[in-house]
Colleague: 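Provided herewith is a single structure, encoded as structure tokens, for subsequent inquiry.
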There are 2 protein chains.
Amino acid sequence: MSNQSKPVYLKLRDMIAAAIIDGRYREGEMLPSVRALAAEQGANPLTVAKAYQQFQNDGLVEVQRGVGMYVAKGAAGVLRQREREEFLKEEWPEIRERMQRLGISPAELMSDA
Amino acid sequence: MSNQSKPVYLKLRDMIAAAIIDGRYREGEMLPSVRALAAEQGANPLTVAKAYQQFQNDGLVEVQRGVGMYVAKGAAGVLRQREREEFLKEEWPEIRERMQRLGISPAELMSDA
DNA sequence: AATAGTGCATCAGTGCCATAATACAGCGCG
DNA sequence: CGCGCTGTATTATGGCACTGATGCACTATT
């Protein structure tokens with residue numbers, strides 16, 4: 001679902017958020033430059049910048065102009081907590097309702113790791 | 001998630017599909033007319049027509065020109081089966097991965113009815 | 001100073017979505 | 001027939017989000 005018709009900058013945003021939460025981008029470390037990530041992902045630098053901007057506004061990354069962007073202290077925790085609440089409050093109720101409608105029992109989903 | 005920035009015609013499509021699966025629009029029964037549903041939902045008749053069209057192409061509703069549209073026989077089953085497969089194959093893996101990342105255990109969500 | 005790397009702002013182009021205003025075509029009923 | 005209800009086709013238009021190209025401002029390094 002997330003890899004289909006979703007805007008590129010949102011896919012990038014989720015990708016970056018996941019990397020921060022998972023610790024692949026560690027706190028205090030430098031993030032990939034706009035141009036570098038753009039080249040790596042085959043996207044436009046501006047699109048990548050737009051993805052980064054969301055984190056700047058929330059203070060989750062600190063910008064040093066002419067240098068680069070760094071993961072702020074505590075960003076991983078804040079991000080995980082925020083997404084957690086968002087998931088439980090906004091997304092899960094609809095998912096649950098949908099499963100109920102489609103007759104999908106929770107048991108059959110728990111099997112694999 | 002489904003009620004946010006999604007195009008109107010897709011929201012209507014999902015709404016109608018849910019109604020058919022739940023049996024609120026029963027097989028053989030007449031669907032709300034394009035104009036009626038448009039007025040009820042505060043949407044444009046053309047947008048409603050666009051939503052209905054998806055079902056016509058799949059033969060899930062039968063059109064009697066000048067009369068109205070009827071839910072085809074077996075539409076509910078086909079629809080539920082199709083959405084079921086789509087959910088299990090496309091959506092659930094990503095949901096599961098996300099839950100894992102956020103540290104949400106499936107068990108705590110399945111409890112209530 | 002020169003250079004190359006950062007992020008950022010501005011402007012423009014493109015495509016999808018939604019709407020509007022009509023007009024047309026088929027059916028049922030009085 | 002005449003009226004009113006169906007769905008459908010056409011064309012045009014405005015809005016909005018996404019994407020993109022270019023150039024500028026800033027910093028570190030040499």
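Every chain is numbered from 1 and lettered A, B, ... according to where its sequence line falls, protein lines coming before strand lines.
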Colleague: Is the distance from OP1 or OP2 of C:dT19 to the nearest side-chain N or O of B:Thr47 less than 4.0 Å?
Modeller: yes
Colleague: Got a sec, which residues hit salt bridge (charged side-chain N to carboxylate O under 4.0 Å, His left out) with B:Arg80, two or more places apart in sequence or on another chain?
Modeller: none
Colleague: Do you reckon A:Tyr70 sits in the same ILVMFWY cluster as A:Ile21, going by side-chain contacts under 4.5 Å, direct or chained?
Modeller: no
Colleague: Does any part of the side chain of A:Lys6, heavy atoms only, come nearer than 4.5 Å to the side chain of A:Asp14, both counted from C-beta?
Modeller: yes
Colleague: Can you check the A:Asn57 CG to C:dG7 P distance for me, whole Å?
Modeller: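 Distance check: A:Asn57 CG to C:dG7 P gives 15 Å.
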Colleague: Evaluate the side-chain proximity of A:Asn44 to A:Val8: yes if any heavy-atom separation is below 4.5 Å, no if none is.
Modeller: no
Colleague: Could you tell me whether A:Tyr9 contacts a base, only the sugar-phosphate backbone, or nothing, with contacts defined as non-hydrogen atoms closer than 4.0 Å?
Modeller: sugar-phosphate
Colleague: Less than 4.5 Å apart, any side-chain heavy atom of A:Met15 and any of A:Leu12?
Modeller: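 Yes - at least one pair of side-chain heavy atoms lies under 4.5 Å apart.
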Colleague: Could you give the NZ-to-P distance, from A:Lys50 to C:dA9, as a whole number of Å?
Modeller: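 In whole Å, C:dA9 P lies 14 Å from A:Lys50 NZ.
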Colleague: Quick one: are A:Ile20 and A:Leu60 in side-chain contact, heavy atoms under 4.5 Å?
Modeller: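 No - every pair of side-chain heavy atoms lies 4.5 Å or more apart.
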Colleague: Considering only heavy atoms of chain B and a distance under 4.0 Å, specify the first and last nucleotide of DNA chain D in 5' to 3' order that meet this criterion.
Modeller: D:dC5 to D:dT10
Colleague: Short of 4.0 Å, heavy atom to strand atom, which residues of residues 36-46 of chain A count as contacting DNA chain D?
Modeller: A:Asn44, A:Leu46
Colleague: Using a 4.0 Å cut-off on heavy atoms, which residues in residues 61-68 of chain A reach DNA chain D? List them by number, or say none.
Modeller: A:Arg65, A:Gly66, A:Val67
Colleague: Distance from A:Arg98 atom CZ to B:Trp92 atom CH2, nearest 0.5 Å?
Modeller: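 Nearest 0.5 Å value for the CZ-CH2 distance: 12.5 Å.
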Colleague: Is there a donor-acceptor contact under 3.5 Å from the side chain of A:Arg84 to the main chain of B:Gly103?
Modeller: yes
Colleague: Starting at CZ of B:Arg13 and ending at P of C:dC17, how long is that distance when rounded to a whole Å?
Modeller: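 About 12 Å, once rounded to whole Å.
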Colleague: Identify every side-chain donor-acceptor pair in residues 45-58 of chain B under 3.5 Å, counting partners at least two apart or on other chains, and give the distances.
Modeller:
{"residue": "B:Tyr52", "atom": "OH", "partner": "B:Pro32", "partner atom": "O", "Å": "2.8"}
{"residue": "B:Asn57", "atom": "ND2", "partner": "B:Gln53", "partner atom": "O", "Å": "3.3"}
{"residue": "B:Asp58", "atom": "OD2", "partner": "B:Arg82", "partner atom": "NH1", "Å": "2.8"}

Colleague: Return each pair, listed once, that meets salt bridge (charged side-chain N to carboxylate O under 4.0 Å, His left out) where at least one residue sits in residues 25-48 of chain A; pairs must be two or more places apart or across chains.
Modeller: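 Checked against salt bridge (charged side-chain N to carboxylate O under 4.0 Å, His left out) - neighbours excluded - the pairs reaching residues 25-48 of chain A are A:Arg26-A:Glu29.
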Colleague: Membership question, hydrophobic clusters at under 4.5 Å side-chain separation (ILVMFWY): are A:Tyr25 and A:Val61 in the same one?
Modeller: yes
